[in-house]
J.: 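Questions regarding the structure given below will be posed in turn.
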Amino acid sequence: MHITPDSIVLARIDWLVLNATIVFTWLVMAILVAGAWLVTRNLRVRGKISRWQVFLETTVGLIRSQIRDVTQQNPDKFLPLLGSLLLFISLSNFLAFVPGYYAPTGSLNTTGALAVCVFFAVPIYGVYLVGVKSYFRHYVEPVVFMLPFNILSEFSRTLALAVRLFGNVMSGTLLAAVLLSVAPLFIPIIMNAFQLLIGQIHAFIFAVLAAVYIASGTQAAGEERTEEASA
(Lines give C-alpha, C1' and ligand atoms only; values in the text may rest on other atoms or scores of the structure.)
Protein backbone atom coordinates (compact mmCIF):
# COMPACT_ATOMS: atom_id res chain seq x y z
CA MET A 1 0.00 0.00 0.00
CA HIS A 2 1.45 3.33 -1.10
CA ILE A 3 0.50 6.27 1.11
CA THR A 4 1.91 8.85 -1.30
CA PRO A 5 2.83 8.65 -5.02
CA ASP A 6 6.31 9.91 -4.11
CA SER A 7 7.11 6.39 -2.90
CA ILE A 8 6.34 4.83 -6.31
CA VAL A 9 9.62 5.04 -8.24
CA LEU A 10 9.15 4.30 -11.94
CA ALA A 11 12.69 4.97 -13.15
CA ARG A 12 16.02 5.96 -11.65
CA ILE A 13 19.06 7.29 -13.54
CA ASP A 14 21.87 8.14 -11.15
CA TRP A 15 20.55 11.05 -9.09
CA LEU A 16 17.47 11.54 -11.30
CA VAL A 17 14.39 9.81 -9.89
CA LEU A 18 11.16 9.59 -11.84
CA ASN A 19 8.28 8.82 -9.50
CA ALA A 20 4.51 8.58 -9.92
CA THR A 21 3.99 12.14 -8.69
CA ILE A 22 6.01 13.60 -11.55
CA VAL A 23 4.51 11.30 -14.20
CA PHE A 24 0.90 11.87 -13.22
CA THR A 25 1.49 15.62 -12.83
CA TRP A 26 2.73 15.68 -16.41
CA LEU A 27 -0.28 13.59 -17.44
CA VAL A 28 -2.74 16.02 -15.85
CA MET A 29 -0.98 19.01 -17.42
CA ALA A 30 -0.98 17.30 -20.83
CA ILE A 31 -4.71 16.59 -20.60
CA LEU A 32 -5.42 20.20 -19.62
CA VAL A 33 -3.29 21.60 -22.44
CA ALA A 34 -4.75 19.22 -25.03
CA GLY A 35 -8.28 19.87 -23.81
CA ALA A 36 -7.77 23.64 -23.91
CA TRP A 37 -6.42 23.43 -27.46
CA LEU A 38 -9.26 21.22 -28.69
CA VAL A 39 -11.95 23.39 -27.11
CA THR A 40 -10.54 26.76 -28.21
CA ARG A 41 -9.37 25.97 -31.75
CA ASN A 42 -12.76 26.73 -33.34
CA LEU A 43 -14.27 29.41 -31.13
CA ARG A 44 -17.11 31.40 -32.68
CA VAL A 45 -19.03 34.53 -31.71
CA ARG A 46 -21.94 33.90 -34.10
CA GLY A 47 -23.47 31.04 -35.98
CA LYS A 48 -23.56 27.49 -34.67
CA ILE A 49 -21.61 27.17 -31.43
CA SER A 50 -20.25 23.78 -30.44
CA ARG A 51 -21.16 22.07 -27.21
CA TRP A 52 -17.52 22.24 -26.12
CA GLN A 53 -17.52 26.02 -26.50
CA VAL A 54 -20.73 26.23 -24.48
CA PHE A 55 -19.13 24.06 -21.81
CA LEU A 56 -15.98 26.22 -21.82
CA GLU A 57 -17.91 29.49 -21.57
CA THR A 58 -20.09 28.10 -18.80
CA THR A 59 -17.07 26.89 -16.83
CA VAL A 60 -15.19 30.18 -17.20
CA GLY A 61 -18.35 32.12 -16.33
CA LEU A 62 -18.88 30.13 -13.14
CA ILE A 63 -15.24 30.59 -12.10
CA ARG A 64 -15.38 34.34 -12.80
CA SER A 65 -18.59 34.66 -10.84
CA GLN A 66 -17.13 32.84 -7.85
CA ILE A 67 -13.95 34.93 -7.91
CA ARG A 68 -16.01 38.11 -8.03
CA ASP A 69 -18.12 36.98 -5.07
CA VAL A 70 -15.05 36.11 -3.00
CA THR A 71 -12.76 39.03 -3.85
CA GLN A 72 -15.39 41.74 -4.50
CA GLN A 73 -13.12 42.88 -7.33
CA ASN A 74 -12.85 42.53 -11.09
CA PRO A 75 -12.20 38.78 -11.52
CA ASP A 76 -10.35 39.00 -14.84
CA LYS A 77 -6.96 39.77 -13.28
CA PHE A 78 -7.24 36.78 -10.92
CA LEU A 79 -8.80 34.32 -13.38
CA PRO A 80 -5.61 32.87 -14.99
CA LEU A 81 -4.02 31.85 -11.67
CA LEU A 82 -7.09 30.81 -9.70
CA GLY A 83 -8.72 29.11 -12.68
CA SER A 84 -5.55 27.12 -13.37
CA LEU A 85 -5.27 26.04 -9.73
CA LEU A 86 -8.90 24.96 -9.63
CA LEU A 87 -8.79 22.99 -12.90
CA PHE A 88 -5.47 21.30 -12.09
CA ILE A 89 -6.54 20.15 -8.62
CA SER A 90 -10.02 19.21 -9.81
CA LEU A 91 -8.76 17.04 -12.67
CA SER A 92 -6.00 15.54 -10.50
CA ASN A 93 -8.57 14.39 -7.97
CA PHE A 94 -11.20 13.39 -10.52
CA LEU A 95 -8.91 10.92 -12.31
CA ALA A 96 -8.58 8.93 -9.08
CA PHE A 97 -11.17 6.43 -10.38
CA VAL A 98 -8.77 5.30 -13.14
CA PRO A 99 -6.99 2.03 -12.15
CA GLY A 100 -3.29 2.52 -11.57
CA TYR A 101 -3.60 6.29 -11.27
CA TYR A 102 -2.33 8.13 -8.20
CA ALA A 103 -3.46 11.71 -7.66
CA PRO A 104 -0.39 14.00 -7.61
CA THR A 105 -2.24 16.07 -5.00
CA GLY A 106 -1.62 13.12 -2.68
CA SER A 107 2.01 14.26 -2.54
CA LEU A 108 3.07 17.00 -0.15
CA ASN A 109 5.56 18.14 -2.80
CA THR A 110 2.72 18.93 -5.21
CA THR A 111 0.44 20.61 -2.70
CA GLY A 112 3.42 22.51 -1.29
CA ALA A 113 4.31 23.78 -4.77
CA LEU A 114 0.73 24.94 -5.34
CA ALA A 115 0.71 26.70 -1.98
CA VAL A 116 4.02 28.40 -2.77
CA CYS A 117 2.46 29.73 -5.99
CA VAL A 118 -0.26 31.31 -3.88
CA PHE A 119 2.33 32.58 -1.38
CA PHE A 120 4.15 34.56 -4.07
CA ALA A 121 0.96 35.57 -5.86
CA VAL A 122 -0.28 37.51 -2.82
CA PRO A 123 2.52 40.16 -2.81
CA ILE A 124 2.76 40.19 -6.62
CA TYR A 125 -0.93 41.05 -6.98
CA GLY A 126 -0.69 43.43 -4.03
CA VAL A 127 2.22 45.38 -5.48
CA TYR A 128 0.67 45.38 -8.95
CA LEU A 129 -2.71 46.66 -7.78
CA VAL A 130 -1.87 49.09 -4.99
CA GLY A 131 1.86 49.77 -5.29
CA VAL A 132 4.94 48.72 -3.32
CA LYS A 133 4.65 51.25 -0.50
CA SER A 134 0.94 50.76 0.14
CA TYR A 135 1.15 46.98 0.07
CA PHE A 136 4.14 46.44 2.38
CA ARG A 137 2.97 49.10 4.82
CA HIS A 138 0.13 46.88 6.02
CA TYR A 139 2.74 44.48 7.47
CA VAL A 140 3.57 47.08 10.15
CA GLU A 141 -0.01 48.02 10.95
CA PRO A 142 -1.27 48.91 13.50
CA VAL A 143 2.22 49.02 15.07
CA VAL A 144 5.66 48.09 13.76
CA PHE A 145 5.95 45.31 16.36
CA MET A 146 3.34 43.37 14.36
CA LEU A 147 5.82 42.85 11.50
CA PRO A 148 7.15 39.41 12.58
CA PHE A 149 3.64 38.18 13.39
CA ASN A 150 2.26 39.30 10.03
CA ILE A 151 5.15 37.62 8.22
CA LEU A 152 4.64 34.45 10.27
CA SER A 153 0.95 34.43 9.34
CA GLU A 154 1.91 34.45 5.65
CA PHE A 155 4.06 31.34 6.08
CA SER A 156 1.56 29.57 8.35
CA ARG A 157 -1.36 29.92 5.96
CA THR A 158 0.82 28.70 3.09
CA LEU A 159 1.69 25.63 5.13
CA ALA A 160 -1.97 25.17 6.04
CA LEU A 161 -2.98 25.25 2.35
CA ALA A 162 -0.45 22.56 1.45
CA VAL A 163 -1.08 20.26 4.41
CA ARG A 164 -4.89 20.53 4.20
CA LEU A 165 -5.08 19.43 0.57
CA PHE A 166 -2.40 16.76 0.96
CA GLY A 167 -4.01 15.30 4.10
CA ASN A 168 -7.49 15.12 2.62
CA VAL A 169 -6.41 13.45 -0.62
CA MET A 170 -4.03 11.04 1.11
CA SER A 171 -6.55 10.04 3.78
CA GLY A 172 -9.24 9.39 1.17
CA THR A 173 -6.94 7.16 -0.86
CA LEU A 174 -5.79 5.31 2.23
CA LEU A 175 -9.33 4.75 3.47
CA ALA A 176 -10.45 3.37 0.11
CA ALA A 177 -7.50 0.96 0.08
CA VAL A 178 -8.26 -0.28 3.59
CA LEU A 179 -11.94 -0.84 2.79
CA LEU A 180 -11.02 -2.69 -0.38
CA SER A 181 -9.03 -5.20 1.66
CA VAL A 182 -11.56 -5.80 4.44
CA ALA A 183 -15.01 -4.99 3.01
CA PRO A 184 -17.22 -6.40 0.25
CA LEU A 185 -16.99 -5.13 -3.31
CA PHE A 186 -19.73 -2.49 -3.22
CA ILE A 187 -18.45 -0.61 -0.17
CA PRO A 188 -15.17 0.49 -1.86
CA ILE A 189 -17.09 1.49 -5.00
CA ILE A 190 -19.32 3.76 -2.94
CA MET A 191 -16.31 5.14 -1.11
CA ASN A 192 -14.51 5.85 -4.39
CA ALA A 193 -17.52 7.75 -5.67
CA PHE A 194 -17.65 9.67 -2.41
CA GLN A 195 -13.91 10.34 -2.68
CA LEU A 196 -14.40 11.84 -6.16
CA LEU A 197 -16.99 14.24 -4.75
CA ILE A 198 -14.77 15.16 -1.80
CA GLY A 199 -11.86 15.73 -4.19
CA GLN A 200 -13.85 18.31 -6.13
CA ILE A 201 -14.91 20.01 -2.92
CA HIS A 202 -11.31 20.32 -1.77
CA ALA A 203 -10.25 21.69 -5.17
CA PHE A 204 -12.93 24.35 -4.76
CA ILE A 205 -11.86 25.09 -1.18
CA PHE A 206 -8.20 25.48 -2.19
CA ALA A 207 -9.10 27.94 -4.96
CA VAL A 208 -11.45 29.90 -2.69
CA LEU A 209 -8.84 30.17 0.07
CA ALA A 210 -6.26 31.32 -2.48
CA ALA A 211 -8.71 33.98 -3.67
CA VAL A 212 -9.36 35.07 -0.09
CA TYR A 213 -5.63 35.40 0.68
CA ILE A 214 -4.96 37.40 -2.48
CA ALA A 215 -8.00 39.61 -2.01
CA SER A 216 -7.26 40.26 1.67
CA GLY A 217 -3.79 41.56 0.85
CA THR A 218 -4.89 43.84 -1.97
CA GLN A 219 -7.98 45.12 -0.17
CA ALA A 220 -6.16 45.90 3.09
CA ALA A 221 -3.46 47.86 1.31
CA GLY A 222 -6.00 49.48 -0.99
CA GLU A 223 -8.10 50.71 1.91
CA GLU A 224 -5.04 52.30 3.54
CA ARG A 225 -4.17 54.09 0.32
CA THR A 226 -7.76 55.32 -0.07
CA GLU A 227 -7.76 56.69 3.49
CA GLU A 228 -4.51 58.55 2.83
CA ALA A 229 -5.92 60.05 -0.36
CA SER A 230 -9.11 61.19 1.35
CA ALA A 231 -7.16 62.74 4.22
Side-chain angles (χ1 to χ4, degrees), residues 25 28-29 32-33 36 56-93 104-105 107-142 144 146-169 198-230:
T25 298
V28 172
M29 292 190 298
L32 288 174
V33 171
L56 173 65
E57 293 178 354
T58 302
T59 302
V60 173
L62 290 174
I63 296 175
R64 290 183 75 255
S65 176
Q66 190 62 51
I67 294 174
R68 182 186 293 109
D69 293 340
V70 172
T71 63
Q72 298 298 307
Q73 301 180 47
N74 180 5
D76 293 337
K77 52 183 173 288
F78 305 120
L79 181 62
L81 173 65
L82 297 178
S84 298
L85 288 173
L86 176 63
L87 292 177
F88 175 81
I89 299 173
S90 177
L91 183 60
S92 296
N93 295 340
T105 46
S107 166
L108 189 57
N109 292 323
T110 300
T111 59
L114 297 176
V116 168
C117 291
V118 177
F119 175 81
F120 285 106
V122 173
I124 289 174
Y125 275 112
V127 171
Y128 173 73
L129 294 176
V130 300
V132 176
K133 182 179 178 181
S134 297
Y135 174 75
F136 286 104
R137 181 180 298 174
H138 85 276
Y139 281 101
V140 295
E141 295 292 339
V144 69
M146 292 299 296
L147 176 61
F149 298 101
N150 288 330
I151 294 177
L152 181 61
S153 69
E154 297 284 346
F155 285 100
S156 62
R157 69 187 185 186
T158 301
L159 179 62
L161 267 181
V163 174
R164 179 187 293 109
L165 181 59
F166 162 73
N168 288 319
V169 174
I198 296 299
Q200 302 310 301
I201 293 176
H202 288 301
F204 175 77
I205 292 175
F206 188 100
V208 168
L209 289 176
V212 169
Y213 296 157
I214 293 172
S216 64
T218 57
Q219 287 177 346
E223 289 172 358
E224 292 174 7
R225 190 172 67 171
T226 301
E227 291 176 357
E228 290 180 355
S230 62

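Worth knowing before you read on, the calculation uses all heavy atoms, side chains too, and leaves out hydrogens, waters and symmetry mates.
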J.: Do Leu129 and Tyr135 come close enough that some side-chain heavy atom pair is under 4.5 Å?
T.: no
J.: Looking only at heavy atoms, which two atoms of Ser92 and Pro104 are closest? And how far apart?
T.: OG-CG, 3.7 Å
J.: Any sub-3.5 Å donor-acceptor pair from Ser84's side-chain atoms to Pro80's backbone N or O?
T.: yes
J.: Got a second to check how far His202's NE2 is from Thr111's OG1, nearest 0.5 Å?
T.: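 So the gap between those two atoms works out to 12.5 Å.
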J.: Exactly one of Leu86, Leu114, Ile201 should register a side chain to side chain contact (heavy atoms under 4.5 Å, CB included) with Phe206. Which one does?
T.: Leu114
J.: Please report the interatomic distance OG1(Thr59) to CZ(Arg64), rounded to the nearest 0.5 Å.
T.: 13.5 Å
J.: Just to verify, what does Tyr213 make a ring-ring contact (aromatic ring centres under 6.0 Å, His included) with, not counting sequence neighbours?
T.: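 Here no residue qualifies.
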J.: Identify the two heavy atoms, one from Gly83 and one from Ile63, that lie closest to each other, and give their separation to 0.1 Å.
T.: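 Looking at all heavy atoms of both residues, the shortest contact is CA-CG2, 4.3 Å.
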J.: How far does CZ of Arg68 sit from CG of Asp76, to the nearest 0.5 angstrom?
T.: 7.5 Å
J.: For Leu62, give me all partners under side chain to side chain contact (heavy atoms under 4.5 Å, CB included), at least two apart in sequence or on another chain.
T.: Thr58
J.: With rounding to the nearest 0.5 angstrom, report the CZ to CD distance, Phe204 to Gln66.
T.: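 Rounded to the nearest 0.5 Å, the CZ-CD separation comes to 4.0 Å.
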J.: With sequence neighbours left out, what residues match Thr158 under side chain to side chain donor-acceptor pair (under 3.5 Å)?
T.: none
J.: Would you say the side-chain atoms of Ser153 pair up with the backbone N or O of Asn150, donor to acceptor, closer than 3.5 Å?
T.: yes
J.: Side chain to side chain contact (heavy atoms under 4.5 Å, CB included) with Phe155: which residues, sequence neighbours excluded?
T.: Phe119, Ile151
J.: Of all residues at least two apart in sequence or in a different chain, which pass the side chain to side chain donor-acceptor pair (under 3.5 Å) check with Ser107?
T.: Asp6
J.: Looking only at non-hydrogen atoms, find the nearest pair between Ala162 and Leu108 and report the distance.
T.: O-CD1, 4.1 Å
J.: How close do Thr71 and Ala211 get, counting heavy atoms only, and between which atoms?
T.: CG2-O, 3.8 Å
J.: Is there a side-chain contact between Leu79 and Val60, using heavy atoms and a 4.5 Å cut-off?
T.: yes
J.: Between CD1 of Ile89 and CG of Leu165, what distance do you get to the nearest 0.5 Å?
T.: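 That separation rounds to 5.0 Å.
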J.: Report yes if some heavy atom in the side chain of Ile214 is under 4.5 Å from a heavy atom in the side chain of Leu82; otherwise report no.
T.: yes
J.: Under the side chain to side chain donor-acceptor pair (under 3.5 Å) test, which residues partner Glu154, sequence neighbours left out?
T.: Tyr139, Arg157
